[in-house]
Structures are given as structure tokens and as C-alpha cells.
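Let me begin by presenting the structure, written as C-alpha cells, before commenting on it.
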Amino acid sequence: MRKIEFQTVVDAAKELCARSASDLPADVERALAAARAREISPAGAEILDSLLENARVARDEKRPICQDTGVAVFFIEKGAEAVVAGGTLTDAVNEGVRRGYEEAFLRKSIVRGPLDRVNTKDNTPAVIHLEEVPGDRISIRFMAKGGGCENMSRLAMLTPAEGREGVIRFVVGAVDAAGANPCPPIVVGVGMGGTFEVAALLAKKALFREIGSPNPAPALETLEKEILEKINNLGIGPQGMGGVTTALAVHVLSHPCHIASLPVAVNIECHAHRSAEVVL
Amino acid sequence: MSGTIIKVKSPLAEGAVESFRAGDVVRISGVLYTARDAAHKRIVEALDAGQAPPFELSGQIVYYVGPTPARPGEAIGSAGPTTSCRMDSYAPRLLEAGLKGMIGKGNRAPVVVEAMKKYRAVYFAAVGGAGALISKSIKSCEIIAYEDLGAEAVRKLLVEDFPAIVVNDVLGGDIYETGRKKYQRL
Ligand code: SF4
């Protein structure tokens, strides 16, 4: 067993929250710049310029890229031979979120209940997805997920007969209906298969893949390209003002499923796609 | 988009909104009041109870924003727009009471578009997710009501050349609709 101190996990989670708020990942910035070069709508091009400038200002001045610094979402892979000493992994991550959001002057956007709406004032609880893997390390992937784009996410239980065409129709339809709301250009995470909840989880997990990197499954790579083209043909454009850049990427993850089912989930992520990873 | 930038003073003078057209690029200077859903709920409750709202609505522009906390020595943290549709159920009531402008992002419900025509008001979009950049145009920030709401409290902002685009005008024009039609390929 390899021991990892509670405090080490706290510090790591804290650092992930604080850093990603103001430091847009390089792949997102590259994708925005490439979209800027392609954009034919003058308003769209101007907006993409502002987003690139915003990313620079945020990084240089360590200011949050967006005021919605999100719900703190973690995907953690814990090696079977790693153990957190002095407390639980969940407690450590939440403590890191608490400190990171406070010390980096981030917005606390979590309410304790969906109906009573009382702010917890420290952005906890975080959303934590834990998986056990071989080895003695703990890999922590973090995403600050904004509410505006999360709200535009959708899930459907399609029939197997609806198949590939049904999936494409549903994903493009979700983006179409979202319009300007999720701050386009967006990144589209799609989860196909599994059960009701697995599809949703895969859709979120799919967002972590580096933009511009191919899907390891060639059939899914083709599907992603086809969906992306259809989305960018919608004309929504940057911030919904019209243009050829509605999405920067579509990422699909698929999973085995029941003979009767074809679950499909669409998790919409905005251009302020803040994620970071650390391995302990 | 006309290519020219229109300077706008807030609060808006009588009749000032009449000439705005969907797609106009504007720079707003003057006073903005912030409010999100929780504050809107209370403002509407106050109006319904015959009480005074936390600020005189007449001629004003409301900005849908919940900023990040300001760092020491700064007026405000990052402060970009939030999704406007969450305010749709409250907006007509504020427009009826004299509000002349709203700043947010994303589509408005038909009832809000109708209310803008009826009460002569406009809806602007700021660039969603450009909160670091936008905050540079905000010169001061003061909480004036509902402090218990934290990021959602009502703030009075003084802004200079705050960048925005007219989405809906008093004639029912909508840049989201026309912009999209121009670039869609079916
Ligand atoms: S959708 Fe994203 S960019 Fe837009 S306000 Fe929310 S977090 Fe910020």
C-alpha cells in the first residue's frame, strides 16, 4: 500500500480549482484561434477575438475567465494500492474546493437544496466520480462546470431502431434548442449506451478529451465529424449572433447496453472549458 | 451589424431606446443595476405588495450578473452576463414599472419580447464567458440591497464603455434569429 497524506490531496484539489479558473487550457485556446481564422461572420469573428483576449487577460492578471466559476466536478481514478492517510478522499477533495474557491476569490455557486436555495458559501459539496484502477497512484481530473451550459444538456432513451440517425438527430436538436444560451462556441460531450445514468456520466467524461485529438474508435471519430458539421451548419455562431462556429468539438463515448435500449446523453460545455489534471 | 459603435448613456433618456436596432453594437456608460433570479423574485414581490423596489426602475438598465468576489483594491471580480431566460417570468413586471433595458445572454421568451414592444424597452447581450474583460469597464460597485444573497445581491455599478450588442429592439427585431438565418446551411 502506498500512503498519500490527506493534506496532499487537499492541496492538489485546491490548486486545480484555483489554477483552472484563470488559465484556459491550451487546446481550447488553439481551437478558438482556429475558429477565429475560419469564421466568416464579422460579428462572430469579433466575438471570438474578445474571447481570445479575455483568455489572455484572465491568465495574465489571474482573474477568473468567467464569473461562473462553476460546480466543482472531479473524476478520480484511485489506484487499488493507494490509500489516503488521515481521512477520506471525498473529505480531502471537498476541503480543497472550500479553500481553493475562497483563496482564489472564486464565486460560490452551490445551494444546499434545489428547492430551498440556500447558498453553502464555500462551493461544496463537489461532484466526485470515483473509480478504482490498478496501481498505486491517484489521478484527479477537475472541471469547473458552468450552470448556463449545463442547463442546456439533455438525455433521451431512444429505441434501438432509431439508431445512428436517431443519435445524430437528438444531439444536433439539443444544440439547436440551446441556441445562444450556453455561450457558444461550445464543446459537445455525448454519452451513448450504458443505462440512463451511465450515458449522462459518459457525456461529461467525454468532455475531458483533448480538443483536436482523434477518438480512438474510428467509427466514433466519423460520427463526431458528422455531428460537428451538422451543428456548425445550424448558423447559431459565436454567442448566437450568427456564424459558422457553433461548436469547437464533439466528443463521443460509448458503452455496452441492454438489448432494448439506446440511451443518449448530451452534455453541453461552453468555450470557458476549464479543466485540469494532477496525478499523485 | 452596422460596423459603427453607438454610445449609450444609462439611465436612458426618454425615447432613447426607439432608435436602437437589433444587431447594433453599443458601449454603455453610466449606471447599471445587477439582479439575477433571486433578486428579481424579491423585486417583483415588493412591486406586488405595493412597496418601493430597491432602486427606481424608471429609465434604468438591469444587468443579469453574479460577479466573482473582488480582490483587495479592485472594484469587482469577473462580471460577465448570465442566461437571461431565467428572468423571463419576472421581466415583464419590471418593464411595466419603467425598466428600459436588460443586459444578459441568450434568448428571451415571446412574452418578454412582446413586453419590450409594449413598454418600449430593449434587450442587450454582453459576451458570455468574457467576464475578465468585461470587468475592466466596471469602475465601481456597491451593494444596495439583498446583501444576504451574496453573489446575487443587487449592486449599483458605474460603467464606462461597457460593450454590448442589441438583441431585441422595440420593433420586435431579434439578432439571434436574423444572424442565424444568414449563416445556416440546410
Ligand atoms: S455558460 Fe460558461 S461561459 Fe457562459 S456564463 Fe456559464 S460558465 Fe460562463
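- Of all residues spanning residues 28-40 of chain B, those with a heavy atom less than 4.5 Å away from chain A's heavy atoms are B:Arg36, arranged by number.
- The candidate from B:Ala70, B:Gly66, B:Ala79 with the greatest count of non-hydrogen atom pairs under 4.5 Å with chain A is B:Gly66.
- For A:Asp60, no part lies near chain B; criterion is any non-hydrogen pair under 4.5 Å.
- When the candidates A:Val244, A:Asn119, A:Asp68, A:Ile40 are compared by the number of heavy-atom contacts under 4.5 Å with chain B, A:Ile40 comes out ahead.
- Inter-residue side-chain proximity for A:Glu29 and A:Leu52 is flagged as met; some heavy-atom pair is nearer than 4.5 Å.
- Of all heavy-atom pairs spanning B:Leu12 and B:Val17, the tightest one is CD1-CG1, 3.8 Å.
- A distance-only check finds no donor-acceptor pair linking the side chain of A:Asn181 to the backbone of A:Cys149 [under 3.5 Å].
- Judged purely by distance below 3.5 Å, without hydrogens or angles, the side chains of A:Asn94 and A:Thr124 never pair a donor atom with an acceptor atom.
- For A:Arg141 and A:Phe208, the positive end sits near the middle of the six-membered ring, less than 6.0 Å away and at most 45° from its axis.
- In this structure, chain A has no heavy atom under 4.5 Å from any part of B:Glu152.
- Contact tally against chain A (heavy-atom pairs below 4.5 Å) for B:Ala151, B:Pro67, B:Ser84, B:Cys85: the top residue is B:Pro67.
- If you run side-chain contact (heavy atoms from CB on, under 4.5 Å) between B:Leu158 and each of B:Ser140, B:Cys141, B:Ser10, only B:Ser140 comes through.
- Residue A:Leu51 touches chain B through its side chain alone, counting heavy-atom pairs closer than 4.5 Å.
- Residue B:Ile5 comes nearest to B:Val26 through the heavy atom pair CG2-C, 4.4 Å, listed as atom of the first residue, atom of the second, then distance.
- Side chain to side chain, A:Glu39 and A:Thr245 meet the donor-acceptor criterion of an N or O pair below 3.5 Å.
- Heavy atoms of other residues, nucleotides or ligands lying less than 6.0 angstrom from NZ of A:Lys121 number 12 at most.
- Contact of B:Thr83 with chain A is made through the side chain alone, with heavy-atom distances under 4.5 Å.
- A side-chain N or O of A:Asn267 and one of A:Glu150 form a donor-acceptor pair less than 3.5 Å apart.
- The nearest pair of heavy atoms linking A:Ile65 to A:Ala272 is CG2-CB, 4.1 Å.
- At least one side-chain heavy atom of A:Leu32 sits less than 4.5 Å from a side-chain heavy atom of A:Pro185.
- For the residue pair B:Pro11 and B:Gln60, the shortest heavy atom distance occurs at CB-OE1, 3.6 Å.
- When the heavy atoms of residues 112-136 of chain B are compared with those of chain A, the residues falling under 4.5 Å are B:Ala125, B:Ala126, B:Val127, B:Gly128, B:Gly129, B:Ala130, B:Gly131, B:Ala132, B:Leu133, B:Ser135, B:Lys136, listed by number.
- With chain B as partner, the option from A:Gly243, A:Gly179, A:Ala178 having the largest number of non-hydrogen pairs under 4.5 angstrom is A:Gly243.
- A:Thr69 touches chain B through its side chain: at least one heavy atom from C-beta onward sits under 4.5 Å away, while N, CA, C and O do not.
- Annotation: side chain to side chain donor-acceptor pair (under 3.5 Å) contacts involving residues 227-237 of chain A, sequence neighbours excluded, comprise A:Asn233-B:Arg185.
- Partners of A:Ala144 under the side-chain contact (heavy atoms from CB on, under 4.5 Å) rule, at least two apart in sequence or in another chain, are A:Tyr101, A:Phe142, A:Arg274.
- The most heavy-atom pairs under 4.5 Å with chain B, out of A:Pro184, A:Gly235, A:Gly240, A:Gly148, come from A:Gly235.
- Heavy-atom pairs under 4.5 Å with chain B peak, among A:Cys183, A:Cys66, A:Pro64, at A:Pro64.
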